[in-house]
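Numbering of ligands and ligand atoms starts at 1, following listing order. Along the sequence shown, the residues carry numbers beginning at 1.
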Amino acid sequence: MTDEDNVDIFSPEELGKISDVLSVSLVNRETNKRTPYVDIELMRGDITQLEVDVVVNAAHDDLTGGGGVDGAIHKASGQKLLGECLNLYGCPQGEARITGAYNMPSKYIIHTVGPVWTPAGSIKEKKERLRNCYRSCLVMAELQGLKSIAFPCISTGAYCFPKDIAAEVAVETIRDFFNLYVNTYLDLVKIVCFDSQNFEEYKKLLF
Ligand code: APR
């Protein structure tokens, strides 16, 4: 599936409404207390335009670019990104690799490879594979001492993960991470949606 097939996708005008950002503090489900200093923002938009420390790419495992958000990131960063990616010799599913962001306003890009949704196989296992992506990216950002990270909706485009399940996994993994590691460098997580269904799924879970 390409973004062109996605009838639900935001129009350029809608994507331009970057002021339409919903913000919430993460709350520990056990203690009901706010996780110190970590805010989560839900927004519609083009992730390549964001001035954050690091933008996450939903990449292919050869890291040579592709369509969707991967294509947009490679286009916005320029040829030097491909050069750096080629030196990494790929990235296994669920892991993360970091590169510079070149012509993009962010400082870095973390590339992760999501699972492909197939009708066969265990849903639990597919969810765990997606969870690994979010976790690896957060760990990588933390190891680099980065403060802000923006995620696209990994695996919900070409890799066909159901958007409601993907949103659930993302929110749960982000929450669990900040509940486990209290003193993080990261203090802002942006979730960037390119279509209204993803936006609505996250809104239900977060607000
Ligand atoms: N900004 C934010 N989100 C975007 C952008 C963008 N500029 N462009 C696309 N998206 C959204 C899609 O609408 C979708 O919700 O990113 C989400 C993930 O979709 P894909 O980019 O198709 O990623 P994924 O499903 O993980 O598939 C990865 O696609 O092109 C290939 O090389 C890529 O093989 C890899 C596969």
Trainee: Kindly say whether K147 contributes a backbone atom to a donor-acceptor pair with the side chain of D53 at under 3.5 angstrom?
Mentor: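 Here the side-chain-to-backbone pair exists.
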Trainee: Looking at non-hydrogen atoms alone, which of G65, G157, G67, G68 comes nearest to atom 31 (C) of ligand 1?
Mentor: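 Minimum heavy-atom distance to atom 31 (C) of ligand 1 goes to G67.
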Trainee: So, 4.0 Å and heavy atoms of C153: is ligand 1 close enough to count as a contact?
Mentor: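 True for this residue.
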Trainee: Could you tell me if any non-hydrogen atom of G71 lies under 4.0 Å from any atom of ligand 1?
Mentor: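 Distance cut 4.0 Å: G71 fails for ligand 1.
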Trainee: Report yes or no: does E41 contribute a side-chain atom to a donor-acceptor pair with the main-chain N or O of I191 at less than 3.5 Å?
Mentor: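 No; zero donor-acceptor contacts below 3.5 Å.
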Trainee: Go through the steps for E172 and Y134 under the test side chain to side chain donor-acceptor pair (under 3.5 Å), then give the verdict.
Mentor: CA-CA 10 Å; E172 221 176 79; Y134 283 92; over 6 Å; no
Trainee: Treating Y202 as the side-chain partner and M43 as the backbone partner, does any N or O pair qualify as donor plus acceptor under 3.5 Å?
Mentor: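 No; zero donor-acceptor contacts below 3.5 Å.
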Trainee: Could you measure the distance from the CD atom of Q93 to the NE2 atom of H60? Nearest 0.5 Å is fine.
Mentor: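 The CD atom of Q93 sits 11.0 Å away from the NE2 atom of H60.
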Trainee: Check this for me, if you would: do E128 and R135 make a salt bridge, where the nitrogen-to-carboxylate-oxygen distance has to be below 4.0 angstrom?
Mentor: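 Salt bridge between E128 and R135, a charged N being under 4.0 Å from a carboxylate O: yes.
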Trainee: Tell me, please: is C193 in heavy-atom contact with ligand 1, that is, under 4.0 Å?
Mentor: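 The answer is no, since C193 has no heavy atom less than 4.0 Å from ligand 1.
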Trainee: What part of I73, side chain from CB on, backbone N/CA/C/O, both or neither, has a heavy atom under 4.0 Å from ligand 1?
Mentor: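 It is neither; nothing of I73 touches ligand 1.
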Trainee: Counting heavy atoms only, which of D46, D195, D70 is nearest atom 32 (O) of ligand 1?
Mentor: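 The option holding the nearest heavy atom is D70.
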Trainee: We want to know whether N57 and T112 form a side-chain donor-acceptor pair, criterion being a heavy-atom distance below 3.5 angstrom.
Mentor: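 Looking only at side-chain atoms, T112 and N57 do not form any donor-acceptor pair under 3.5 Å.
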Trainee: Hey, is V113 touching ligand 1 through its side chain, its backbone, both or neither, going by heavy atoms under 4.0 Å?
Mentor: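 V113 to ligand 1: no contact under 4.0 Å from either part.
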Trainee: Please confirm whether A158 comes within less than 3.5 Å of ligand 1 when only nitrogen or oxygen atoms on both sides are compared.
Mentor: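 Yes, there is a polar N/O contact under 3.5 Å.
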Trainee: Report the member of F194, F151, W117 with the shortest heavy-atom distance to atom 6 (C) of ligand 1.
Mentor: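 Answer by nearest heavy atom: F194.
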Trainee: Please work out, at 4.0 Å between heavy atoms, whether the side chain, the backbone, both, or neither of A58 comes within that distance of ligand 1.
Mentor: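 Both of them.
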